[in-house]
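Below you'll find the structure, written out as structure tokens, and then a few comments.
Residue indices begin at 1 and follow the sequence shown.
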Amino acid sequence: MNEFHLSKRLETVASFIPTGAVLADIGSDHAYLPCYACLHGYAAKAIAGEVADGPLRSARQQVEKAGLSHLISVRKGDGLAVIAPGEVDCITIAGMGGALIARILGDGEEKLTGVKRLILQPNIGAELVRRWLLDHGWELVAERILKEDGQIYEVLVAERGNAQRPYRHLEAELLLGPFLRQENSEVFREKWQRELRHWKRIIADLAEKGESEAAREKKRELEKKVQLVEEALP
């Protein structure tokens, strides 16, 4: 992977960047995504944000190597601390857990002034990201699910709007994704069949370990998820 050829996962994220966007890529690692976006005409300019020194150095080296220092600013900071309100109109956050993505958006919510699009790729916990978007007035406008190197990833795209609009069956679609549930692709079915097997093993283990209140609560939670998924799958 380099500034010319991204992973399938990051190519999918890049495909949703509006032409001419001013982009902030949060947790940019090697800055491959902002480099690719600028080189391929998705972004007019970009900010690559990193909190750790090692990836920050890698990002700076990559931007210099690509000859993009005039278009991409590499900055150190936690989450949205690397941008000012109104500075960018598109934000990408990819390759983190859903809880962390929701935390980053919540902690830096005042920095979202002027942002028109969020492109978010949680490795796990996509439902936590959907819940944050719903609770904060961001309308989910597209979703993609893909498989790469044996891993399954979801990409969520949101814009300011009617946050309730995509949802017909709220509880199920926060978990499964309203667009992904409707599309019902082979990868979608594979993901949730995997999850069902995993959850059913945990439920069986909890049943064997006794009836503490914590175990009962966890078992009820998982049984509800199993019901939601089984109703959604053909």
Side-chain angles (χ1 to χ4, degrees), residues 1-18 20-126 128-129 132-133 136 138 148-149 151 153-158:
M1 189 167 66
N2 56 41
E3 69 271 27
F4 298 107
H5 301 287
L6 296 179
S7 64
K8 184 178 176 183
R9 172 181 67 89
L10 287 181
E11 270 192 0
T12 303
V13 172
S15 73
F16 286 106
I17 299 170
V22 180
L23 173 70
D25 183 41
I26 305 302
S28 198
D29 200 9
H30 286 77
Y32 289 143
L33 179 58
C35 287
Y36 181 93
C38 288
L39 287 170
H40 288 76
Y42 291 109
K45 57 183 180 177
I47 294 162
E50 253 303 335
V51 70
D53 288 331
L56 186 76
R57 283 193 299 272
S58 296
R60 285 181 175 146
Q61 290 166 1
Q62 181 61 41
V63 169
E64 289 170 10
K65 176 188 165 193
L68 293 171
S69 298
H70 62 300
L71 294 180
I72 301 174
S73 172
V74 180
R75 302 178 186 176
K76 183 177 182 180
D78 186 12
L80 302 185
V82 298
I83 61 173
E87 189 176 15
V88 302
D89 53 30
C90 180
I91 291 174
T92 52
I93 310 177
M96 304 180 193
L100 179 54
I101 291 175
R103 194 271 293 169
I104 287 170
L105 293 171
D107 287 353
E109 192 168 5
E110 74 282 359
K111 303 294 186 74
L112 298 178
T113 300
V115 174
K116 297 174 183 176
R117 175 167 285 194
L118 301 173
I119 308 167
L120 311 168
Q121 183 269 299
N123 286 345
I124 58 170
L128 301 174
V129 179
W132 190 92
L133 295 170
H136 293 83
W138 287 86
E148 184 174 38
D149 298 331
Q151 299 296 314
Y153 302 102
E154 296 178 42
V155 177
L156 315 181
V157 185

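- The minimum heavy-atom distance between Arg75 and Val82, with the atom names listed, is NH1-O, 2.8 Å.
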Output side-chain donor-acceptor pairs under 3.5 Å for residues 45-54, partner residues at least two apart or in another chain, one line each.
{"unit_1": "Glu50", "atom_1": "OE1", "unit_2": "Ala52", "atom_2": "N", "d": "3.4"}
{"unit_1": "Glu50", "atom_1": "OE2", "unit_2": "Asp29", "atom_2": "N", "d": "3.0"}
{"unit_1": "Asp53", "atom_1": "OD1", "unit_2": "Lys76", "atom_2": "NZ", "d": "2.7"}

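- For the pair Leu112/Trp138, a side-chain contact is recorded, criterion being any heavy-atom separation below 4.5 Å from C-beta on.
- Taking the side chain as every heavy atom from C-beta outward, Leu133 and Leu120 approach each other to under 4.5 Å.
- The two residues Leu71 and Ala44 come nearest to each other via the heavy atoms CD2-O, 3.5 Å.
- Two residues are said to be in side-chain contact when any heavy atoms from C-beta on lie closer than 4.5 Å; Val157 and Arg117 meet this criterion.
- Under the 4.5 Å side-chain criterion, counting only non-hydrogen atoms from C-beta, Ile93 is in contact with Leu105.
- Listed here is the closest heavy atom pair of Ala59 and Val74: CB-CG1, 3.8 Å.
- The shortest side-chain heavy-atom distance between Leu23 and Val88 does not fall under the 4.5 Å cut-off.
- In this structure, Glu11 and Tyr36 have side chains that are in contact, with non-hydrogen atoms separated by less than 4.5 Å.
- In this structure, the side chain of Lys111 engages the main chain of Leu80 through a donor-acceptor pair within 3.5 Å.
- In this structure, the side chain of Gln121 engages the main chain of Gly95 through a donor-acceptor pair within 3.5 Å.
- Side-chain contact check for Pro18 versus Lys116: every heavy-atom pair is 4.5 Å or farther apart.
- The backbone N or O of Ala21 sits nowhere less than 3.5 Å from a side-chain atom of Asp89 that would complete a donor-acceptor pair.
- Not a single donor-acceptor pair under 3.5 Å links the side chain of Arg9 to the backbone N or O of Ala94.
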